[in-house]
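These numbers come from the heavy atoms of this one structure, side chains and all, not from hydrogens, waters or symmetry mates. Numbered from 1 within each chain, the chains take letters A, B, ... in sequence-line order.
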Amino acid sequence: MRVLHRELMTKQDGERVAIAGWLHKKRLLGGLTFLNIRDRSGLTQVVVKDKAEVEKLRGLQVGTVLHVEGSITKEPRAPGGVELHDVNLTIIVPVTEEPPIEIDKPLSHQPEHLDTLLDNRVIGLRNLQEAMIFKIRSELLRYIRDFLYKNDFVEINTPKLVAGAAEGGAEVFKLDYFGKDATLAQSPQLYKQIMVGVFERVFEIAPAFRAELSATTRHVSEVTMLDIEMGFIEDHNEVLNLVQALVYEVLNRVYQEHADELKSLKAPVLTLKTEFPRYSMAQIHELFSRETGKDTTKELDLTPEEEKWICEYARTHDGCEAIFATNLPAAKMKFYHMAEDDGQTARSADLLFRGVELSTVPQREHRHDNLLAQMKKSGIDPNSPGFSHFVTAFRHGLPPHGGCGFGIDRLTEKVIGLNNIKEAILFPRDINRLTP
RNA sequence: GGGCUCGUGGUGUAGAGGCCUAACAUGCCUCCCUGUCACGGAGGAGAUCGCCGGUUCGAAUCCGGUCGAGCCCGCCA
């Protein structure tokens, strides 16, 4: 019976156990050899004194898959306080090829080394620090699901092969679909709104595909999005409050339950309040101009510099590094968003965290005739294959609703304090990278 | 798509016209080492300096092109 690393402390001193895992590190000190064996729960230190056993590993590299039988030895000098002695090694998969990248010490995350990091991803992810990033990402997803289930949301899966673009704006990937034109979904937007007519509250965690020719630290062509949509809202505020509660809970949990890991990854200290400061877009432009002396008020949207600045401003002035930028200009709004009654701004807010936009949180236009008018204005044919089913749902009754789309990659990146979205993605896809 | 910067053993760097037959660290191989945990010590293998062309008596080094990468901007989430 295979015992996991994490279970070793519960065993009796001297008990014979068997572990299995990968050779992670080998230190030969002459008459004494230390092995680190990696399994899914951590590294186990194995002490080998028998020369014949050490010989079994001659020529074998890190990554060799091993079965190790040995005696539990409580030992304060061992990492974790326990190690295996008097061992019998069995090689399950011998590895003779030298690893392309070293995995027993932290890998460089310097921007100029990103290519090496990603080219050698297959092996580099075995580095404990790298794996930790993705363990935390997994936990973030778990906390998100916990929160949403608790709040009566249903998880859905919508098609990623679609007939038309879901949103204006972002470029889509076009492909041949049995002789017809199709695109890869850039958002589950239309489907999740349709599903409000079924479950009221729905969410999806899935890839979205963007064909933007963007080369920045914030963009990739395949992103993992958390999409949320909720019906029967009293007002836009209700959506903002839900997103706020979600973010607050998820961030607090990860900082509580993974304090040690976040510390070892050098994540910044979390500065958060239950109520996120809300600044209108106009206020941010004004504050930014006044405090920095730079004039960006003619910009409709926030510049990346302003996004960074306002988050830092809110962190020091309001004690909260997540903020809502509210009253987005109507000129920038999508056809399915709801305009404020004055027509100048949209009922929409950007959630900013640590200098980047994590999410846009709008109320939707649920009134059929208004929606058609806005589609027309955006040059969208409501009878086209990509949109006719969407409009059908409205004809048959959709309540006032709102929601958001959330970049999980950016969230992971920012929680850990990484510098590039690609560091938070196992196998990122960008304008130049399709492998590994 | 625009601008700026960078390409040297597997990995990370040094070298900035001749001292380069390319140095250092790490990894790998051989040997020594009984408490390592970035183990230590001795020795060894491994790079036609991204690629093509040019300048020069001489190019890793200067110039042009090309390919690749990074960052910023735009676009976007």
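Distance from the side chain of A/Thr360 is smallest to B/rA77 among B/rA77, B/rG12, B/rG35. Of the candidates B/rC75, B/rU11, B/rG35, B/rU11 carries the atom nearest the A/Glu102 side chain, counting heavy atoms from C-beta on. The side chain of A/Glu83 has B/rG35 as its nearest neighbour among B/rU13, B/rG35, B/rG70. In the set B/rC73, B/rC71, B/rA77, the nucleotide with an atom closest to the side chain of A/Thr217 is B/rC71. Candidate nucleotides B/rC28, B/rG35, B/rC76 were compared by shortest atom distance to the side chain of A/Arg210, and B/rC76 ranks first. Across B/rG35, B/rC75, B/rG74, the shortest atom-to-atom separation from the side chain of A/His85 is found for B/rG35. Listed nucleotides: B/rG1, B/rG35, B/rC71. Nearest to the side chain of A/Val47: B/rG35.
The nearest whole Å value for the distance from the CD1 atom in A/Ile425 to the C1' atom in B/rA77 is 12 Å. Across the protein-nucleic acid pair, A/Met225 atom CE and B/rC76 atom C1' stand 11 Å apart, rounded to whole Å. For the pair A/Leu57 CG and B/rC28 P, the computed distance is 13 Å after rounding to whole Å. Nucleotide B/rG27 holds its C1' atom 12 Å from the CD1 atom of A/Ile103, rounded to whole Å. What separates CD of A/Glu55 from C1' of B/rC31 is a distance of 13 Å, to the nearest Å. Atoms CG (A/Leu43) and C1' (B/rU36) sit 14 Å apart, rounded to a whole Å. In this structure, the CG atom of A/Asn420 is 15 Å from the C1' atom of B/rA77, given to the nearest Å. What separates NZ of A/Lys51 from C1' of B/rC31 is a distance of 13 Å, to the nearest Å.
Contact check, A/Arg58 against B/rC31: a side-chain N or O comes under 4.0 Å of OP1 or OP2. For A/Arg410, no side-chain nitrogen or oxygen approaches OP1 or OP2 of B/rC76 to under 4.0 Å. Between A/Gln110 and B/rC71, a side-chain N or O to OP1/OP2 separation shorter than 4.0 Å is absent.
Looking at A/Lys56, its side chain never comes within 3.5 Å of a backbone N or O of A/Asn88 through a donor-acceptor pair. A side-chain donor-acceptor contact under 3.5 Å links A/Thr216 to the backbone of A/Arg218. Formation of a donor-acceptor pair under 3.5 Å by the A/Asn120 side chain with backbone atoms of A/Ile123 is not found in this model.
In terms of position on RNA chain B, the residue among A/Gln61 and A/Pro100 whose nearest nucleotide sits closer to the 5' end is A/Pro100.
Shown here, B/rA47 forms no base pair; nothing in the strands shown gives a Watson-Crick or G-U wobble contact with both key distances under 3.5 Å. Both distances falling under 3.5 Å, in either a Watson-Crick or a G-U wobble arrangement, place B/rC62 opposite B/rG54. Using Watson-Crick or G-U wobble geometry with both donor-acceptor distances under 3.5 Å, B/rA77 finds no partner in any strand shown. Across all strands shown, the partner of B/rC4 is B/rG70, judged by Watson-Crick or G-U wobble contacts whose two distances both fall under 3.5 Å. Under the Watson-Crick or G-U wobble criterion, with both distances below 3.5 Å, B/rG10 is paired with B/rU26.
Smallest separation of non-hydrogen atoms from A/Cys404 and A/Arg364: N-NH2, 3.7 Å.
B/rA47 sits 38 Å from B/rG35 when the C1' atoms are compared, rounded to a whole Å. One C1' atom belongs to B/rU21, the other to B/rG15, and the distance between them is 16 Å to the nearest Å. Rounded to a whole angstrom, the distance from the P atom of B/rA23 to that of B/rU48 is 14 Å. Across the P atoms, B/rC57 and B/rU11 are found 37 Å apart, a figure rounded to whole Å. Only the C1' atoms considered, B/rC29 is 40 Å distant from B/rC71, to the nearest whole Å. The P atoms of B/rA45 and B/rC39 are separated by 25 Å, rounded to the nearest whole Å. Only the P atoms considered, B/rG70 is 28 Å distant from B/rC28, to the nearest whole Å. Taking the P atom of each, B/rA60 and B/rA16 are spaced 13 Å apart, rounded to whole Å.
Taking the side chain as every heavy atom from C-beta outward, A/Ile416 and A/Ile136 approach each other to under 4.5 Å. Using a 4.5 Å heavy-atom cutoff, the side chains of A/His401 and A/Gln193 are in contact.
Among residues two or more places apart in sequence or in another chain, the salt bridge (Lys or Arg N to Asp or Glu O under 4.0 Å) test is passed with A/Glu275 by none. For A/Arg290, there are no salt bridge (Lys or Arg N to Asp or Glu O under 4.0 Å) partners two or more places apart in sequence or in a different chain.
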Starting at the 5' end of nucleotides 37-47 of chain B, put B wherever the base has a protein heavy atom under 4.0 Å, S where only the sugar-phosphate does, and a dash everywhere else. B-B--------
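Counting any heavy atom pair closer than 4.0 Å across all strands shown, A/Ser108 reaches no nucleic acid atom. If you check every strand for non-hydrogen atoms under 4.0 Å, A/Pro99 touches nothing. Base contact: A/Glu75 has a heavy atom under 4.0 Å from a base atom. As judged by a 4.0 angstrom heavy-atom cut-off over every strand, A/Val220 is placed among the base-contacting residues.
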Sort me out a list of protein N/O and nucleotides 65-69 of chain B N/O pairs below 3.5 Å, or just none if empty.
none

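Taking the six-membered ring where tryptophan is involved, the planes of A/Tyr313 and A/Trp309 are essentially parallel, since the angle between them stays under 30° and well short of 60°.
Ring centers of A/Phe394 and A/Phe390: under 6.0 Å apart, within the cut-off.
Ion pairing of A/Lys160 with A/Glu204 is present here, as a side-chain N (NZ or NE/NH1/NH2) and a carboxylate O approach within less than 4.0 Å.
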Contacts table for residues 426-434 of chain A: side-chain donor-acceptor under 3.5 angstrom, sequence neighbours left out:
unit_1	atom_1	unit_2	atom_2	d
A/Arg429	NE	A/Leu434	O	3.4
A/Arg429	NH1	A/Leu434	O	3.3
A/Arg429	NH1	A/Pro436	O	3.0
A/Arg429	NH2	A/Leu434	O	3.1
A/Arg429	NH2	A/Pro436	O	3.4
A/Asp430	OD1	A/Asn432	N	2.8
A/Asp430	OD1	A/Arg433	N	2.8
A/Asp430	OD2	A/Lys422	NZ	2.7
A/Arg433	NH1	A/Asp119	OD1	3.1
A/Arg433	NH1	A/Thr435	O	2.9
A/Arg433	NH2	A/Asp115	OD1	2.6
A/Arg433	NH2	A/Asp119	OD1	3.0

Residues 98-108 of chain A, side-chain donor-acceptor partners within the protein, below 3.5 Å, at least two apart:
unit_1	atom_1	unit_2	atom_2	d
A/Asp104	OD2	A/Lys25	NZ	2.9
A/Ser108	OG	A/Gln110	N	3.2
A/Ser108	OG	A/His113	ND1	2.4

